[in-house]
Protein chains: 2
Amino acid sequence: MDPFAALADSTRRRIVGLLSEEDRRAGDISVHFETSPPAISQHLKILREAGIVRVEKRGRERIYSLDPEGLAAMESWVSDTRRKWNGRLDRLADMLKEEE
Amino acid sequence: MDPFAALADSTRRRIVGLLSEEDRRAGDISVHFETSPPAISQHLKILREAGIVRVEKRGRERIYSLDPEGLAAMESWVSDTRRKWNGRLDRLADMLKEEE
DNA sequence: AGTTTAATTAAGTCAATGCTTAATTAAAAT
DNA sequence: ATTTTAATTAAGCATTGACTTAATTAAACT
């Protein structure tokens, strides 16, 4: 699943929010939600495959951490879009200026 | 549909890309895609309800334009997440510094 | 007035998504 | 060695999402 679709789900965004604060074990993520541990595990898998999150096995626990690279796609799309939009505003400003 | 879900679809992101260049009539958007005009119209409705796009009726045409406010939610979520993440890195750097 | 054009809404189909409970894997503890 | 604990995978189900064609709305043209 691509990063945009991965972050379309609010539960997954909340997970990312938790991991932006600190690395956490799967169970420590799970307790923050009403949904079952398997559901959270499935969300984590999606985030992993989207490159947004990493896992590290530690004994029988899995430590999840944010992979900031994963946000890059979204960040650059947004900033590109914003830049193009601003470029239009700038050209409009120029046109108005030449009318003076 | 919330802005994140609205932008999870690549067709809708392409529409936003087109509108970041210039305002366009529904039909002028539609021709850029293989899918049928009704499908594009449905996408436009979703973008409208997410606050990402605006319409203006002009005779029997509808002129679509980008509503940059609509991107704000995504932008601020991403930058907040990034900020929290960076904050962690900073604290880590401080800790390493104090060890010197 | 009647027809064409621009666009949307309606209705139905199919695939994808998110959830649940049950089953499995594998490490830790007794 | 057996049992408990942490987490995931499997299977099934209900909902949502994106698409299609057909029908509708409304403005423009002749």
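Atoms considered below: every heavy atom in the structure, side chains included; atoms not considered: hydrogens, waters and symmetry mates. Given the structure is predicted, the values throughout are model-derived calculations rather than measurements. Residue numbers start from 1 in every chain, and the chains themselves are labelled A, B, ... in the order their sequence lines are given, proteins ahead of strands.
- B:A39 comes within contact range of at least one nucleobase, with a heavy-atom separation under 4.0 Å.
- Atom CD1 of A:I40 is separated from atom P of C:dG18 by 12 Å (rounded to the nearest Å).
- At least one side-chain heavy atom of B:T11 sits less than 4.5 Å from a side-chain heavy atom of B:I40.
- Side-chain proximity of B:D9 to D:dA18, D:dT8, D:dA6: nearest is D:dA18.
- When side chains are defined from C-beta on, B:P3 counts as touching B:I52, because their heavy atoms get closer than 4.5 Å.
- Rounded to an integer number of Å, the gap from CZ of A:F33 to P of D:dA7 is 15 Å.
- With rounding to whole Å, A:E49 atom CD is found 13 Å from D:dT9 atom C1'.
- Two residues, A:S36 and A:K57, neighbour DNA chain C, and the one matched to the more 5' nucleotide by heavy-atom proximity is A:S36.
- Remark on DNA chain C: of its neighbouring residues B:G27 and A:I46, the 5'-side contact belongs to B:G27, judged by nearest-heavy-atom nucleotide.
- For B:R12, a side-chain nitrogen or oxygen approaches OP1 or OP2 of D:dA18 to under 4.0 Å.
- Across all strands, B:R58 comes closer than 4.0 Å to no nucleic acid atom at all (heavy-atom distances).
- The side chain of A:T11 sits closest to C:dC19 out of C:dT9, D:dA7, C:dC19.
- Look at CD1 on B:I29: it is 15 Å from P on C:dA6, rounded to the nearest Å.
- When heavy atoms are screened at a 4.0 angstrom cut-off, A:Y64 is found touching the sugar-phosphate backbone but no base atom.
- What separates CD1 of A:I63 from P of C:dA27 is a distance of 15 Å, to the nearest Å.
- In this structure, the CG atom of B:D28 is 10 Å from the P atom of C:dA6, given to the nearest Å.
- Each of C:dA7, D:dA7, D:dT20 was ranked by its minimum atom distance to the side chain of A:E61; first place goes to D:dA7.
- A donor-acceptor pair under 3.5 Å is formed between the side chain of A:S20 and the backbone N or O of A:G17.
- By the 4.5 Å heavy-atom criterion applied to side chains, A:V53 and A:D67 are not counted as neighbours.
- For B:L47 and D:dA18, the CG to P distance is 10 Å, given to the nearest whole Å.
- Checked against C:dA6, C:dT8, D:dA7, the side chain of B:S41 finds its nearest nucleotide in C:dT8.
- Among the nucleotides D:dG17, D:dT20, D:dT8, the one closest to any side-chain atom of B:M1 is D:dG17.
- Contact of the B:D28 side chain with the B:L18 side chain is not registered, since no non-hydrogen atoms from C-beta on lie closer than 4.5 Å.
- For B:Q42 against D:dT20, a side-chain N or O and a base N or O form a donor-acceptor pair under 3.5 Å.
- Cation-pi geometry between A:R13 and B:F4 is satisfied (NZ or CZ under 6.0 Å from the ring centre, within 45° of the ring normal).
- As a whole-Å value, the separation of A:R62 CZ from C:dA26 P is 9 Å.
- Listed nucleotides C:dA27, D:dT9, C:dA7 differ in distance to A:P38; the shortest reach to its side chain belongs to D:dT9.
- One finds a side-chain N or O of A:H43 lying less than 4.0 angstrom from the OP1 or OP2 phosphate oxygen of C:dC19.
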